[in-house]
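Here is the naming used below: chain letters follow the sequence lines, and residue numbers restart at 1 for every chain.
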Amino acid sequence: MSDQKHVTEMDPKEAKKEIEENEVVEIVEPSPNQAKLDRLVDLVKSNIAEDAVEEAYINELDRDLPSIVIRSPYWLKTAMMLKESETLKLNYLRNVSGIDYETYFEVVYYLLSMSTDNQQDICIKIKADREDPSIPSVTSVWNTANWNEREIYDLLGIQFPGHPNLKRIMMPEDWEGHPLRKDYEPIDPEV
Amino acid sequence: MIRTEELLLNVGPQHPSTHGVFRIIVKLDGEVITEATPVIGYLHRGTEKLAENLTYTQVIPYTDRMDYVSAMTNNYVLCHAVETLMDLEIPERAEFLRLIVMELQRIASHLVWWGTYLLDIGAMSPFLYAFREREMIINMFNELCGARLTYFYMRVGGVKWDAPEGWIDKVRDFIPYMRDKLDEYEQLVSGNEIFLARVKGVGKYDAQTAIDYGLSGANLRSTGVKFDLRKNQPYSIYDRFEFDVPVQTEGDCYARYLVRFEEIKQSLRILEQAVEQFPEDGKIMAKVPRVIRPPEGEVYTRIESPRGEIGCHIVSKKKPQPYRLKFRRPSFVNLQILPKLLVGETMTNLVTILGGIDIVLGEVDG
Amino acid sequence: MALLQNILWAAFLLVVVLGFVTYAIYFERKVIGWIQLRKGPNRVGPLGLFQTVADVLKLLIKEDTIPNKADRFLFILAPVITFVPAFVVLATIPYTADWQFADLNVGLLYYFALSSISTIGILLGGWASNNKYSLLGGMRSAAQMISYEVPLVMSVVGVILLSGSLSLNTIVEGQAGGFWNWNFLPQIVGFIIFIIAAVSELNRTPFDLPEAESELVAGYHVEYSGFRFAFFMLAEYVYVYAIAALTTILFLGGWHSPLPFLDFIPGIIWFILKFSSIVFFLFWIRATLPRIRVDHLMSLGWKVLLPLALVNIFVTTIIIEIFK
Amino acid sequence: MKGIVKGMGVTLKNLTKKKITYQYPDVPLQMPDRFRGVQHFDPEKCIVCNQCMNICPTECIDLVGKKNPDPEKKGKVIDTYDINFEICILCDLCTEVCPTEAIVMTNNFELATYSRDDLFKNMEWLNDNNTNVRKENSINLQPKSIPSKAKKEVK
């Protein structure tokens, strides 16, 4: 498709300009969730380890979502703590996504507390190496993670040590490669 | 006690009650299930991979095909995610149109569920009665956007079509009609002793388990957890309308049945208000750049689809195509609890429990 | 000469029964269609009247498949075992006072004795197919038939006590002179038990567990196709015929008119009317009710119907003794 | 028993109600105007801007342009235009982006054939498919910016 010469009716320069016009100049003011984020970071740091939190920030684009990056070795312990903790009670795992950032992998967990009235989302990210990626499984903490982790293993090839049944879920057992990786080459490009 | 040999039975992928190409390998002792292993992926089309090479607008028709019983909510979750990233203001009229079609879609989807669930249980007629009403909704959608199942109605920033002449009146007329029919349904099924015996106490789990397995929608609300994203984390303009979140505490198939049935009534309530407040005039599209390039960053939006929490996780690199697009598919998450529920049940209850979870295989397999 | 005549009569009955089956299937589909707001069969012939004929023709010219791993002999035998008793039981049914093929003095006993043989055919078919679904269906069928045979027979004991005979002719004669003399009034409990148990014996909704489309795909006849499948279907509908006729005879006064002044209408018309309304009732519940569960089915049979039938016999006996 | 009897009443009531069966092949189906059916293509209007091909999510459109045979005029005219209806999902995007309404939706939807090859429709077929053309095609979402070159040609 791309080898033909197209008469694009949109000037690329013009498009860029249009986009820039649409961007709102951001006014920097502390997010209302900053305090929550700080508390969360303190909790992890005091209960798990000082270097457990790799990064913590507010995701302004996603309605000021408190997001923290946990170092992979501490993840299982942190997960247990987050679920058991009296103040947080993050007992509901709503989504797990795996992302291939080409230089490293990232698995994103979106958590929610169903027990407290304060239903605040929390986003937790774990990074994994591009070569031999591995993240401790949290299936023992939240059962939701079971199939989600299998799906990520299947499509991205991230290992989850501690998972009860880490097998391919979407692709056939004998499938080669992990389709959602950015460098994945389809066996038959026609399909 | 006489013991029988264990029987390994392959239910599916082609089976009348698996609602698509879903397979469960069950070990039977007599007719009692001792182990169940679900096998999925027969309908995996790689939507998430495909999306990486498509622009945001081009991805929307693919979402139609995920949960093909409830395409409107799928459309919405993707548009909503992109709009959140871009911080777009949606015109009032578009919001109303979106809300109306989503609630109609919820009714249509629950009707499909109601009909097929009773078909699973062995009653034929409810299926056809439910489809008569669903047909009316689908015809309305057909008039609105030119398709009966894969609507592709919403776009980033608004909706594609404005309501045609008299369309809103059709919706208005539909509400009392549907209420009338719901009474008939109740008479036909809800009190039927055989039906009650089939669903009461079957596939029971408590709130703790439901939360642990990440269940959502009616599967969660049937255990007493009052969690509906339309109320708890409102999106669109749901906070302007009055409606209740139906909750049951039993956690069995009957509770799920009641919750879904009540949800139809609540959707009618929302529709009634929405039709009254429908703005006379207005734009249906926000000012959106020709090529949609959301700013770099990531977003996770979630809405209440008829099957539960459908989420959309976008990682954007300021390109027209999403860097990574992940859907949290409620059927996929809800289905996980199945093997746990099936142990110790009979073959007959397998069908009841699976039907009670309400899955759509297009969504389970992505 | 008498033998030839008998054979001719039997052939005639077979034609009548086949005609009934053809149009029972047609009307079943029509009635269920109407109830479900559909039109039912309407493409083959005027009003779709030849639909079943076309279906049967299709079944007859279909390839005859027998699964490789099936038990060939039993697989072939099973439909025959199922069908033959279904047809043979019809011999004792009296349609009018003088129109009956064989007036056995143990007609009722003969009916129940033979009809239970069909179960063996279904069980054999389920087993011989070497398919797990059909095995489950066959097993369910055996369990169900055995459980419901008992209340079925028990429920008619009251009728036998009232008329003092096992001959179907005598039973009908005892109900002459208006509908208040029919057995369903004094034997209302027995009548209800009989209807429930009979529907169960027929394997029809809500007791269609051996077939249970949504669970066992098609139950015992999963592997059957072509005319072997047609035999199972035929047996099922012949039993519908038999049971409807039997209910008419036992409880609804056979060929007698409901009110004495209506006696001028021939008995056969009354018989057909009563018979048809029972057949319609069977279609009607099929269109309405969901399927009952195996364990509920068993407990209903053993814990409700059987004790009720026993109580019914007991009470009937006492009342007969008192008012004799 | 009460519930069962009630249910039986409902089914009996429906027995006599009006039937909703639609005798489809005997009675043609009337689709609403907005219905997205098989496209109609008008080669006269096409300016070979390739937008439809680029927007198509399933890449089912194939088109080749050639130089305008009339040396007086600039630009290109369409040479071949194929839609593969094996994979076309009738999503409406091609007609949405088309600046000249060369490709428009119709209400025709019957595509069943005995061979997959028959689903490959060329320019002539699409041009002949000119019945029940949708009236509301002009409602385009995107601000239409016909390139200056194209504008002249339309006139």
Handout entry: B/Lys160 and D/Glu96 ion-paired at < 4.0 Å
Key = yes
Exercise for the section: Measure B/Leu144 against the heavy atoms of chain D and call it side chain, backbone, both or neither at under 4.5 Å. Expected result: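 Its backbone and side chain both get close to chain D.
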Neighbour count >12 (heavy atoms, 6.0 Å) for atom [atom1], [X]:
| X | atom1 | answer |
| --- | --- | --- |
| B/Glu89 | CD | no |
| B/Lys49 | NZ | yes |
| B/Lys181 | NZ | yes |
| B/Lys319 | NZ | no |
| D/Glu44 | CD | no |

Completion exercise
In terms of heavy-atom contacts, D/Ile89 and B/Pro61 come closest through CD1-CB, 3.8 Å
Handout entry: Residue among B/Ile60, B/Val59, B/Asn142, B/Asp64 with most heavy-atom pairs under 4.5 Å to chain D
Key =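 The answer is B/Asn142.
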Handout entry: Which atoms of D/Met31 approach chain B - backbone, side chain, both or neither, heavy atom under 4.5 Å
Key =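 Only the side chain of D/Met31 comes within 4.5 Å of chain B.
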Handout entry: Proximal component of D/Ile20, with respect to chain B [non-hydrogen, under 4.5 Å]
Key =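 D/Ile20 touches chain B through side-chain heavy atoms alone.
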Give a yes or no answer on whether the side chain of [X] reaches the backbone of [Y] with a donor-acceptor pair at less than 3.5 Å.
| X | Y | value |
| --- | --- | --- |
| D/Arg34 | B/Trp161 | no |
| B/Gln187 | D/Val10 | no |
| D/Arg36 | B/Tyr151 | yes |

Using 0.5 Å steps for rounding, measure from the [atom1] atom of [X] to the [atom2] atom of [Y].
| X | Y | atom1 | atom2 | answer |
| --- | --- | --- | --- | --- |
| B/Leu188 | D/Thr11 | CG | OG1 | 6.5 Å |
| D/Cys56 | B/Gln58 | SG | CD | 7.5 Å |
| D/Ile4 | B/Phe195 | CD1 | CZ | 12.5 Å |

Handout entry: chain D contact residues among residues 128-139 of chain B, heavy-atom distance under 4.5 Å
Key = B/Tyr129, B/Arg132
Exercise for the section: Tabulate, in ascending numerical order, the residues of residues 117-124 of chain B having at least one heavy atom closer than 4.5 Å to a heavy atom of chain D, or enter 'none'. Expected result: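 Near chain D, by residue number: none.
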Fill in the blank from the handout: Checked D/Gly7, D/Gly37, D/Gly9 vs chain B; the most non-hydrogen pairs under 4.5 Å come from D/Gly7
Practice task
Name the member of D/Asn107, D/Leu90, D/Leu93 that forms the most heavy-atom pairs with chain B at distances under 4.5 Å.
Solution key: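 Of D/Asn107, D/Leu90, D/Leu93, D/Leu93 has the most heavy-atom pairs under 4.5 Å with chain B.
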Exercise for the section: Tell me, with the steps shown, if D/Asp33 and B/Glu143 meet side chain to side chain contact (heavy atoms under 4.5 Å, CB included). Expected result: CA-CA 7 Å; D/Asp33 180 57; B/Glu143 246 169 79; over 6 Å; no
